Structure formats: C-alpha cells, structure tokens
There are 2 protein chains.
Amino acid sequence: MVVETRELRYFVAVAEELHFGRAAQRLGIAQPPLSRAISQLERRLGGPLLERNSRGATLTGAGRLLLGEARAALDAVDAAERRTRRATGGAPRLVLASKAGASVELLAKILDAYAAEPGSVEVEVILCGIGEQERLLRDGRADVALLHRPFDATTGLDSEDLLAEGQAAVLPAGHPWSQRPHLQMSDLPDLPDVPPLRWPRSDGSYPDGPGPELRDGAQLHQLVALGRGYTVLPESARAEQHPGVATVPILDAPQVTTVIAWPPHSRSLPLATLIRTATSV
Amino acid sequence: MVVETRELRYFVAVAEELHFGRAAQRLGIAQPPLSRAISQLERRLGGPLLERNSRGATLTGAGRLLLGEARAALDAVDAAERRTRRATGGAPRLVLASKAGASVELLAKILDAYAAEPGSVEVEVILCGIGEQERLLRDGRADVALLHRPFDATTGLDSEDLLAEGQAAVLPAGHPWSQRPHLQMSDLPDLPDVPPLRWPRSDGSYPDGPGPELRDGAQLHQLVALGRGYTVLPESARAEQHPGVATVPILDAPQVTTVIAWPPHSRSLPLATLIRTATSV
DNA sequence: CAGCGGCGATACTCTGCCGGTATCGAGGCT
DNA sequence: AGCCTCGATACCGGCAGAGTATCGCCGCTG
C-alpha cells in the first residue's frame, strides 16, 4: 500500500541512467526485477513515469516530479539512518560542515566556546567543497553547517546570522591596483590585466567568462599569486596573509553574512547548545 | 542494507505508543513480527532505540533522535507518493493550503490573476486549521500555502512576502471600546469585561488563561458576537463585516506579513508561475 | 531488405523474508 | 505464591522479490 525506499532507489537509478540495464548494474541486480519494480510503481502511482523506446527511456512529467521528490525523500531516510547510527555508536558527537578555507578564526572561536560549555559533546568538522554543505545536512552526514549568504542557499534550513562583513578584492601582489587603499564595485569590470576567477554555482556548473575555474581556496591563492586572475572574498579572508597576494577592501560591496544552519526539525540538546554558543560569540 | 519505510513506520508506531502490543494493533499486524522488526532495526543502527520493561517501553536518546528523523523521512516519502499520484492523474493541478477564514480577498486576487496566466493549471484550495499548512506541505497534501508571520513557522520552507499589514482588535459590537477610533497594545490587558480568546499554538496546545479556546475563524466571530471574548487579527479581516462584531485598529501592533510558502526543492513550472503571479499582485 | 544487435518485457522458478500462531520468561501487583 | 501483563522466541506457511531464459520490438547496416 505504501511506497518503499527500495522502489524509490530503483526509480532514481533508472531516471538518472535513462537505461534499465545500466541502472540494474548500478543497483547490483538483474534487469528483469528492475523492470517489474518500475512498472509496479507506475501502476501504484497511477500512470507512466518513463517513456520506453528501443534506445532506453525518457522521463515523463510525472517522472521528473518524482525524481526530485524521491531524491529528497531518500536523503531524509539516509539522514535518519546516519544520524541515528551516530547517536548509538558510543559517545554522541556533532558533525559540522564548513567550506574548506573559510572563516577559520570564527570557526575556531565557536569550537572553543562550545567546548567550554557544560554538556558539550565532541564536534567533528568536515571541510567540504563550495556549496556542498547543504547536501551534507540533507543526507545526514552533517548536523550543522556554516554558510555564507548570499552565496550559499539556505532554503529549507533553519539558520541564525553570526557575522556580517564587507568584501575585499584579492589581487596579485604586483598588480598596479594592489597598493590602492580601497576600490569600488564599479572599478572591477575595468580591473586591468587579470580576469575574474570563476567559482562554481550551486549546481556545480560554471558561469561563462575568460577566467580560470576554481574549486577551493588553495587553488585560489595559487592562481592569484601567479597573476592568472582576481576574485572577491569576505574581508575575514584577509586575516590569512599569502605571499604574492594582496587584498584591497571594496567599499560598496554587498555584505556577506556568515550563518550557522541546521535541518529544520532537528532539535537535540547538544545542537541547541552549539547554536546558542555560536550566536553569542 | 538500507532502511525501508516499513521499518520506519513500525518504529514510529512503537515510539508513539510506547507499547509493542498497541503499536502492532495500530499497524494491523501481530506483535511478534513487530518485535522482530524493531530488534533488527536496532541491530542495523548499532544500538538500542527502546528500553523494554514489563510495562511497555521507553525511548533511548538515539530513539528520540530517530523518531524525529523518521517522521520527517516518512513525510518526505508520503509527499513523493502523493504529489506524483496527483501529477499522473489526468490534468495536473496545484493544491494551495490556507487557514480557513484568512486573507479571502488576497487569495481571490491571486487565484484570479493566476488563472489569467498562460499555462496556468487548476488550483485546488484547502482551507485548513491554524498552523496545519506546514504539515500539509511536508507530507505532500499541498504544494503551496499562505502563511502569516510571525504566527506560522516558515522554517524549512521557501517563501516570498506578499503583504504586510497592521492588526486590529475584534470586539463585541456593544463593547464600550468598540466606538474608539483606535487602540494601543498597552490598552489590551486593561480591556474591560471580555477575556482574550485563546488560539492553539503550533503544537496544538493552548496557552493558559481565562478565555475560551478557538479552532477556526467561524467560532471566533460567534464567540465575539456573544461577548465571550476578544482577539487581535490582521486588518484585512476587517473587510468581512460580521453582525455583532466591531474591529478597532491597534496603532502599534506588530506587522503581520502574509507569505506564500512552498517546499524548498519543488520547482515545477506551474508552481513557479503561481509564485511569480502572487508576488506581483 | 534481411540479418543482427541492443533494449525492455514476459514467463517461470526459487528462495528468503515477512507475517501468523503458540509458547516462554521476566517483572510487578495483589 | 500465583496471576497477569508484556515482550521475546520458536516454528511454520505464503508471497514477494530476485535470478535465468527467452521473446518482441526497433533501428542500424551491409
């Protein structure tokens, strides 16, 4: 009477591969039971989810809808399993996700302050790639994350603001503008000699443009020091001095807010303490 | 290897009943298979979820955590099933949830404007009780909802503000203050003769106090007209004139914002059109 | 145009899991 | 001490889900 996660996993595999054979291989089962499971799901849900043809399959409208809903549902089931397993395995602990190379001193302050709280538990820090925090929270690999508005999406998460700051341009040290005391946003398109570096969007794709593509903060400083591009970062990134890299504040850049975010329904005591501690740092 | 929704349903039943026998009855199965399913789940998740004793069972810490996570996961699975079934069943349609008796004219404007859009689909309106919109969105019975900040929680939902308005006191027509042109928040505790009506909180419980308890807007006007209490509502509620009821603006009441909200990952074309239409009304 | 190859559906069989009944063992209450 | 309540265990039967073999359809190609 009710949809099982097995059926959803099967459907997601087929919807992603658009090929029953490959999907079955990925799932580690034979193709016939997969075909049967999908048609049973279609019967139960009242209509076709896939159009079959001799080269594979394509999604119907209902199939596209189900793909999104099923991914969300499977993430929620995974989260339940992972978080519970974490809670049963000996000492409870919290997992915090943060972008690699961001907010080092803020994070350190939060962790220190939390460790001093009564009843605090061990906090494991996952340093992840750009925009991955949301996914880690959704599938339960993390309990709480540090995000940066407006770059990271907080949709579907609870959050509290921690820190708002301006932004600064990160330029090669020898760049003619690197000695200026400050810049304006309107200066940036005219910045001579170096193109803007390109960060991935939340879906992993890159905007068009001339500059090199980036994945993390380590690459960033290398590329800037080599004079291959520039970028704009929150001012707290200035704290880490890198050779060959200069930072210049941008007076009218939009404020970047570091927020602490967590899945909306989770309200464990250690998590609440961590959030309270973080907001009062 | 992976948790199935059946196991989560079983666990939630036991966790809510704290009694294997009653939970089994509720699930329509016998008690022994339920016991086995739970202990298998405990083995898989790495530790006990329930403490058994001769009078029933109590939740462990991990069990409490899993109860919350499992409810969220089951809601997500239900949502996937319901929304997909809706999409396969003939003409696609959107389901909008709104509190019974709220924002009638705003809702009418939105629906009219959306119906005039090209490519609009049928919109079914569910008029639900106070604070039920969130649950309807979560388990897929609704696709989109109208909420009122700060009364309704928007945590875990995407939303756009539609309309901010002041609030007005709703008094019995014969009340001595009903002729005053306006009130202040500080007047309310001194309001003679009638107690404040009590609305349910988001968890369904009622605050303590002398006034009668309310469930919906129909009761409200009856009770006020009978002189049994007063309440405070957004000003747009003044538009509907009820016999025996007077409304007086409260100058310094906090603004109430009507927002349109939807589950964060759903991005179907009809939904996007409805949201765009609503925000531009 | 016939033959071949790829893909999903179907037919059939088997096995492992889920659910049912009967019964046991542990605590608590009188 | 004896009964009662409640969960666990033992055992069994049926069915659902997985595997193998095969079919039917379609497109490509020589």
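Quick caveat: nothing in here was measured; it's all calculated off a predicted structure. Here is how names work: the chains are called A, B, and so on, in the same order as the sequence lines, proteins then strands, and each is numbered from 1.
Note on A/Arg6: a side-chain N or O is less than 4.0 Å away from OP1 or OP2 of D/dA18. Here B/His19 does not reach the OP1 or OP2 of D/dT5: none of its side-chain N or O atoms lies under 4.0 Å away.
Between B/Glu16 and B/Arg26 a salt bridge is recorded (basic side-chain N to carboxylate O distance below 4.0 Å). Residues A/Arg135 and A/Asp139 are paired through a salt bridge, judged by an N-O separation under 4.0 Å between the basic side chain and the carboxylate. Note on A/Asp152 versus A/Lys99: salt bridge recorded, some NZ/NE/NH1/NH2 to OD/OE distance being below 4.0 Å.
Relative to the side chain of B/Pro32, the nucleotides D/dT9, C/dG8, C/dC18 differ in distance, and D/dT9 lies closest. In the set C/dA22, C/dG8, D/dG19, D/dG19 carries the atom at the smallest distance from any side-chain atom of A/Arg36. Here the nucleotide nearest the side chain of A/Pro33, chosen from C/dC7, D/dG7, D/dA18, is D/dA18. Closest to the side chain of B/Ser54, from the set C/dG27, D/dA8, C/dG8, is C/dG27. Checked against D/dA8, D/dC6, C/dG19, the side chain of B/Arg52 finds its nearest nucleotide in D/dA8.
Note on A/Gln40: only backbone sugar-phosphate atoms sit closer than 4.0 angstrom, heavy atoms only; bases stay farther off.
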Please write out the pairs of protein N or O atoms and N or O atoms of nucleotides 28-30 of chain D separated by less than 3.5 Å, giving the distance to one decimal.
none

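Geometrically, A/Arg22 does not engage A/Phe20 in a cation-pi contact defined by less than 6.0 Å to the ring centre and at most 45° from the axis.
D/dG7 atom P lies 14 Å from atom CZ of B/Phe11, rounded to whole Å.
Side chain of B/Arg85 to backbone of A/Arg44: a donor-acceptor contact under 3.5 angstrom is found.
B/Thr273 and B/Glu117 share no side-chain donor-acceptor pair at under 3.5 Å.
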